[in-house]
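Quick notes on the structure that follows.
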Amino acid sequence: MTPDRREFLAMTALAAASAAATAATAHAGSPPPTAVPGGPDLRGRMGAGVTWNKAPCRFCGTGCHVQVGVDAGKVVAIAGDTAAEVNKGLLCVKGYHVGLALYGADRLTTPLLRKGDRQVPISWEEALRILADRAMLDPKGFAVYGSGQWTIPEGYAANKFVKGGLGHNHIDPNARLCMASAVTGYLATYGVDEPAGCFDDLDVADVVILWGNSPAEMHPVLFSRIVDRRARGQSVTIIDIGTRRTRTTAHAQHFLQFKPNTDLAIANGIAHLLLKNGTWDRTFVEKHCSFRQPLEKELNGKGMTFAEYEAALAPYTPAYVEQISGVPAKDIRMLADLFGNRDLRITSLWCMGMNQHTRGTAINCLVHGVHLLSGHFGRPGDAPTSLTGQPSACGTVREVGTLSHALPGGGVVTKEKHRHMAEEIWNVPTGRILDKPGYHAVEMWKRFSTPKADGGDIHTVWVQVTNPAQTLPNLHALVDPSRKDPEKFLVVSDVYPTATTRIADLVLPSAMWVEKNGMFGNSERRTQQWFKLVEPPGQARDDAWQIVALAYELYRRGHAGMKDKDGRFLFHMADAKGAAVPIWDFRHYYDINVDERLFEEYRKFSTMKHKNLAPYSEYVKARGLRWPVVEQEDGTWRETRWRFSESDDPFVTPGKGIDFYHSTTEDGRAQIWFNPYEAPPESPDAAYPFWLCTGRVLEHWHSGTITGRIPPLRDAMPQAYVEMHREDARKLGITNGETVRVESRRGTLDIPVWIDGRGSPPQGSLFVPFFDERLPINNVTLEAYDPFSKQPDYKKCAVRVARLSPNAAAPGGKAG
Amino acid sequence: MPVLGVVLTHPDPGALADLVRAIPGVVLVGNPVSNRLPAAFETARKGDDEPLFEALRALPGVLAVDLAFADFSDLPPPDEVSR
């Protein structure tokens with residue numbers, strides 16, 4: 001690089017940073033525009049050859065927008081998008097590597113078919129023929145396992161293909177593993193999914209409570225948004241309720257360390273004191289809430305009176321909660337006093353900690369209940385808000401309904417009205433959609449790993465955009481047996497080799513991120529859009545195209561499900577003159593905007609549950625819009641920041657103030673739940689004396705498929721490790737960096753110890769991140785799951801630790 | 001040679017400027033905007049930027065280091081990644 005160019009780039013970098021600093025300051029707490037035109041003025045910078053376009057980041061559920069600089073068909077620069085409300089021009093360390101994510105050396109570029117121990121290149125035509133053979137073999141045994149990284153149109157196409165085409169519901173996403181309990185929590189409380197609040201709450205909340213959540217590592221831009229307020233002299237109290245100290249803890253005024261699984265007792269303890277102290281919001285509750293208690297197998301439980309609710313909470317005194325949870329009684333009182341103060345604004349945030357829990361639905365309901373009981377709901381800054389780990393867990397999974405029981409727009413397959421609506425929109429015959437939910441993730445993989453003769457009725461799983469051979473729990477039980485059964489066939493669409501592609505029978509190379517058109521939906525109901533900016537490598541192709549192409553191959557072979565009522569192809573699309581466009585032929589896939597066509601069809605579902613979406617063209621102009629998005633009299637489209645609140649939600653009946661218009665009791669009321677604390681399915685004992693918790697780290701995203709190929713991130717955190725308390729290590733004679741064997745009743749893992757590392761578990765607890773394919777902790781974890789959400793509990797199981805070899809190098813590259 | 005633009009969050013960013021300038025790799029420091037300080041840095045290799053981020057994070061009073069711009073147009077093709 002010449003000195004002139006270096007200087008020029010440095011000045012460009014400083015200008016972008018200055019613009020971001022200005023934008024972030026100017027945007028703080030400001031009202032949203034209806035649509036965000038323009039963007040940062042990057043034109044002309046870095047030379048005339050570089051073009052800039054918007055896209056949401058590929059990684060977490062925060063939904064930051066970036067500006068993508070493209071030169072000569074390659075992404076060459078990334079800038080934070082100053083026009084984006086979510087990140088206001090700022091990005092985390094992962095976000096700026098998103099451009100490099102495309103350029104790992106070992107991208108998959110051709111379909112591969114397993115022949116013996118090898119995977120050999122084949123043509124797309126042959127790959128599709130093989131896929132179709134498997135589907136025709138027995139369509140009801142052909143399952144699709146998708147992802148919260150699917151774009152909205154991809155997930156919609158897959159959902160339509162399976163539920164409207166194959167005529168069964170065996171489609172489920174990896175998001176089942178990360179946020180299904182949040183879904184059931186919202187449904188059981190409000191009758192409709194997804195947060196009422198939004199990220200704007202973080203700009204005005206007086207107190208932010210983190211329930212088993214470490215946004216400093218997992219959602220850094222959001223966390224930066226909170227701590228930035230302190231730097232501006234504002235008071236914001238951060239309370240970290242967790243089972244181990246993390247980077248987030250360092251910024252918190254209060255760290256409440258609880259014993260695994262006992263968060264239910266803490267929430268009940270708060271509710272108990274609100275009643276006892278008379279600090280609950282009687283007016284809010286009497287006007288807007290009912291009380292609910294569990295009933296076996298019934299998500300909506302059964303009603304209870306206030307007196308019954310009060311009696312159920314009576315045992316949860318501060319002393320009793322301290323005994324169960326280990327959190328001092330004075331801290332339970334502190335939490336109750338905060339919630340009892342209506343002058344404060346309180347936002348609760350959570351993610352996997354509360355969701356990956358065999359009592360995930362129950363604890364989600366309880367946290368909503370504490371907010372409702374105390375009236376900390378419906379005002380800016382007063383909100384219980386779940387976060388998501390994937391960029392479109394909300395948009396593609398929850399809204400498009402790619403869960404095995406769901407239909408687009410919040411519908412469910414068990415409701416005739418919802419099925420009919422889908423059949424109408426898809427123009428397929430009545431009765432095409434099966435009224436029985438398909439297999440959820442754990443069940444799908446269990447069936448796939450069970451011989452047909454023993455009830456294993458899933459013969460083929462097609463995986464797209466995820467890595468289940470690393471991320472499912474108890475891999476020995478859910479994945480490994482299928483690989484020894486010649487009747488089982490695993491198909492994987494991905495961008496890089498992964499633990500799952502390596503064991504696959506058929507591998508399909510996919511385009512990623514700005515190599516294709518796309519749409520995501522982030523954690524705050526924000527739908528985002530981007531255009532294809534560069535070509536995918538080799539023969540890598542869009543995931544949605546792969547689905548359409550298989551559907552067409554089945555249509556060609558006469559599969560009745562791939563025809564609509566008029567005998568046309570299920571994904572029939574026509575050009576402006578009405579002529580069919582052969583989108584199943586990749587050469588013609590971009591003749592029209594398939595994403596737009598799929599989205600506009602999907603959008604018809606969105607009014608059913610008041611999740612209204614704007615036309616595709618509005619998202620082209622905006623940096624995302626939060627649903628419900630409704631058209632104004634002047635023809636503009638307005639997003640909604642706070643649902644159920646008359647001040648902002650257009651669907652609230654005027655004069656009601658707060659209106660839970662999808663109430664499960666159909667009276668406009670939300671449900672305040674009582675759910676008792678119960679012991680976890682597996683706890684440490686004499687044979688397995690440690691708790692094991694798993695999770696993520698700042699540098700790596702999910703299974704490390706992408707971040708493991710970005711040298712700075714890989715070098716900063718080169719391998720997984722087990723965090724262990726110094727005193728536990730001393731007792732076992734273990735030194736820092738030593739490789740130990742972590743063993744559960746299901747499997748073992750040999751892994752180096754990191755004492756006083758990134759996080760600090762208490763005595764008797766271990767933590768292992770799951771990003772490292774070479775150190776798969778999910779050989780050890782437990783597949784027990786929540787009875788309602790079916791989400792497995794990765795946060796707690798019993799293990800033991802044994803020494804193997806001393807004097808190994810310290811992990812993480814930093815400990816020692 | 002990657003060139004990065006960063007934004008540091010600090011209660012008194014004006015007082016931070018000299019400390020930031022002293023970090024090897026930092027080539028430009030902008031004017032504070034409210035509680036934020038923009039800066040640009042350049043590293044010889046892609047792998048050198050993470051330690052620089054850590055050095056910025058470790059400065060007294062720094063609450064956050066966010067990224068605003070990254071240019072990697074001059075990077076050579078990636079080496080085969082061993083995993």
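We name chains A, B, ... by the order of the sequence lines, and we start the count at 1 in each one. The figures that follow rest on heavy atoms only: side chains count, while hydrogens, waters and symmetry mates do not.
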Subject >> chain A interface, residue from T9(B), V6(B), V7(B) that has the most non-hydrogen pairs under 4.5 Å >> reply: V7(B)
Original post:
What part of V27(B) lies closer than 4.5 angstrom to a heavy atom of chain A: side chain, backbone, both or neither?
Top reply: side chain
Original post:
Relative to chain B, which of A250(A), G95(A), S224(A), G233(A) shows the most heavy atom pairs under 4.5 Å?
Top reply: S224(A)
Original post:
So do the side chains of L28(B) and M11(A) get within less than 4.5 Å of each other, counting heavy atoms only?
Top reply: yes
Subject >> Flag side-chain contact, heavy atom, 4.5 Å: K74(A) against Y103(A) >> reply: yes
Original post:
Side chain, backbone, both or neither: which part of V75(A) has a heavy atom under 4.5 Å from chain B?
Top reply: both
Original post:
Among P11(B), A70(B), S34(B), which has the most heavy-atom pairs under 4.5 Å with chain A?
Top reply: A70(B)
Original post:
Salt bridge or not for D203(A) and R229(A), using N-O below 4.0 Å?
Top reply: no
Original post:
How about D228(A) and N35(B): does a side-chain donor come under 3.5 Å of a side-chain acceptor?
Top reply: yes
Original post:
Are D71(B) and F69(B) close enough that some pair of their side-chain heavy atoms sits under 4.5 Å apart?
Top reply: yes
